[in-house]
Amino acid sequence: MLQHPYGLQPVLCKSWEELQGANAQLALVGTGFWEETLATQLKKNGTLLMRLDEAYLSPYQPADSLMKEVYRMALEQQLSLPGALSALHNKEIVVVCSPHGYDLQTGFAVVYSLIRTEQVRTLYLDFSYYSGFFDTVAEDVGDLFYELHKQTVPMGTILATMTQKFGPLDYLPPVRMQMDLDDLTGEDFTGLLQRILQECEYDLVVLNMPVRPRFLRAVYACCSHMYSLQREGILYERSQTRLLEDLRLESGQTELSNLQVVPMPAISGSFSMDESMYHELLFGEMAAFIRRLLEEK
């Protein structure tokens with residue numbers, strides 16, 4: 001077993017039988033051993049296959065170099081590997097969602113972003129349903145995609161002119177009408193994130209996401225960490241099961257993925273992006289809960 005900064009643990013298997021017994025989600029196969037019949041059999045067993053040059057499978061190859069090559073190839077082949085995009089740029093993408101519409105999802109996402117911006121430069125992008133958390137402003141995340149599709153201005157310039165400030169946090173609020181996002185695809189999200197990581201100086205991008213399967217699958221495949229907020233109850237548990245299905249994960253795979261289900265306690269307090277609320281957001285009940293969560297992580 002090799003430890004490296006990207007969270008995956010390579011296991012050396014000396015035979016196809018040993019690989020099948022390991023229940024690996026991803027198998028790196030050297031060019032000389034790439035046989036279609038065996039590959040097809042492994043696919044039936046749920047193992048994702050990736051063909052690599054033997055140079056990358058050398059026992060003398062550093063683990064971080066191997067994983068960077070794996071992530072690079074995954075992006076080229078549009079394969080879903082957790083953390084692929086952020087790992088290539090040594091930056092973080094964190095996603096916050098709630099499959100049953102937790103009413104303080106935006107509060108969690110904003111407070112999390114404010115706490116993290118104490119250590120790293122953070123950009124907060126809100127794609128959730130408009131809830132009145134933000135004041136009416138001239139530009140939102142819909143305008144960001146509009147500029148992205150024009151492809152005429154560097155992303156750093158676009159964000160510098162569009163983002164709002166809340167203390168040290170840069171952010172863009174959600175669209176007023178969710179139909180403004182209806183025509184977007186998962187590739188739109190990954191393309192946006194890739195340009196932000198490549199062209200901007202943010203160390204962390206936090207996404208507040210609605211439960212739309214094609215959006216969540218796209219950001220899950222490239223994020224460093226995804227928080228799924230959950231309240232207690234059978235209906236909430238069923239909605240989490242549906243989220244796992246949407247992400248194409250089995251119920252026992254969450255510990256091996258970058259998805260973390262967060263049981264939410266009852267939290268009181270008022271939340272809004274108003275300057276008078278800045279102290280409450282940083283030191284209220286939600287902030288105390290998130291700080292404990294980060295310490296445990």
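Throughout, numbering of the chain's residues begins at 1 and tracks the sequence.
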Inset, instruction - Kindly determine whether L243 and V261 satisfy side chain to side chain contact (heavy atoms under 4.5 Å, CB included), including the steps that lead there. - result: CA-CA 10 Å; L243 175 64; V261 177; over 6 Å; no

From [atom1] ([X]) to [atom2] ([Y]), nearest 0.5 Å:
{"X": "Q198", "Y": "L193", "atom1": "CD", "atom2": "CG", "answer": "11.0 Å"}
{"X": "C97", "Y": "M226", "atom1": "SG", "atom2": "CE", "answer": "5.0 Å"}
{"X": "L169", "Y": "E118", "atom1": "CG", "atom2": "CD", "answer": "11.0 Å"}
{"X": "C223", "Y": "L207", "atom1": "SG", "atom2": "CG", "answer": "8.0 Å"}
{"X": "R116", "Y": "L294", "atom1": "CZ", "atom2": "CG", "answer": "6.5 Å"}
{"X": "T117", "Y": "L123", "atom1": "OG1", "atom2": "CG", "answer": "10.0 Å"}

Answer whether the closest heavy-atom distance between the side chains of [X] and [Y] falls below 4.5 Å.
{"X": "E147", "Y": "M155", "result": "no"}
{"X": "S98", "Y": "S228", "result": "no"}
{"X": "Y202", "Y": "D170", "result": "yes"}
{"X": "D126", "Y": "Y171", "result": "no"}
{"X": "M273", "Y": "V110", "result": "yes"}
{"X": "N258", "Y": "Y220", "result": "yes"}
{"X": "L282", "Y": "E280", "result": "no"}
{"X": "I196", "Y": "L159", "result": "yes"}

Looking at [X], I want to see if its [atom1] is surrounded by more than 12 non-hydrogen atoms of other residues, nucleotides or ligands under 6.0 Å.
{"X": "R242", "atom1": "CZ", "answer": "no"}
{"X": "Y146", "atom1": "OH", "answer": "no"}
{"X": "Q119", "atom1": "CD", "answer": "yes"}

If you compare all heavy atoms of [X] against all heavy atoms of [Y], which two are closest, and at what distance to 0.1 Å?
{"X": "T106", "Y": "S128", "value": "OG1-OG, 3.5 Å"}
{"X": "M209", "Y": "L216", "value": "CB-CD2, 3.8 Å"}
{"X": "L172", "Y": "E139", "value": "CD2-O, 4.1 Å"}
{"X": "P168", "Y": "Y278", "value": "CD-OH, 3.2 Å"}
{"X": "P173", "Y": "F134", "value": "CB-CG, 3.7 Å"}
{"X": "G142", "Y": "V175", "value": "N-CG1, 3.4 Å"}

Are a donor atom and an acceptor atom from the side chains of [X] and [Y] found within less than 3.5 Å of each other?
{"X": "D274", "Y": "S276", "value": "yes"}
{"X": "Q105", "Y": "N208", "value": "yes"}
{"X": "E92", "Y": "H225", "value": "no"}

Any donor and acceptor pair, going by atom type alone, linking the side chain of [X] with main-chain N or O of [Y] inside 3.5 Å?
{"X": "R291", "Y": "I115", "result": "no"}
{"X": "K91", "Y": "D203", "result": "no"}
{"X": "E199", "Y": "P154", "result": "no"}
{"X": "S224", "Y": "I93", "result": "yes"}
{"X": "T122", "Y": "V120", "result": "yes"}

Inset, instruction - For this output row, return yes or no: ring centroids of F145 and F189 closer than 6.0 angstrom. - result: yes

Inset, instruction - Examine F166 together with Y124 and report whether their ring centres are nearer than 6.0 Å. - result: no

Legend entry - Test side chain to side chain contact (heavy atoms under 4.5 Å, CB included) applied to L192 and L144, step by step: CA-CA 9 Å; L192 172 67; L144 184 58; 3.9 Å; yes

Inset, instruction - Take Q230 and M264 through the test side chain to side chain contact (heavy atoms under 4.5 Å, CB included) and record every step on the way to the result. - result: CA-CA 6 Å; Q230 176 178 308; M264 296 299 298; over 6 Å; no

Inset, instruction - Write out all pairs satisfying salt bridge (charged side-chain N to carboxylate O under 4.0 Å, His left out) with one or both partners inside residues 99-111, taking only residues at least two apart or from two chains. - result: none

Legend entry - Cationic N near anionic O, under 4.0 Å, E275 to K165: no

Inset, instruction - Considering only NZ, NE, NH1 and NH2 on the basic side and carboxylate oxygens on the acidic side, decide whether R292 and E295 come within less than 4.0 Å. - result: no

Inset, instruction - For D140 and R176, run salt bridge (charged side-chain N to carboxylate O under 4.0 Å, His left out): C-alpha distance rounded to whole Å, both residues' side-chain angles, the deciding distance at 0.1 Å, then the answer. - result: CA-CA 8 Å; D140 54 41; R176 295 297 297 268; over 6 Å; no

Legend entry - Steps toward side chain to side chain contact (heavy atoms under 4.5 Å, CB included) verdict (V206, L125): CA-CA 6 Å; V206 178; L125 300 176; over 6 Å; no

Inset, instruction - Indicate the ring-plane relationship of F283 and H279, choosing parallel, tilted or perpendicular according to the 30° and 60° boundaries. - result: tilted

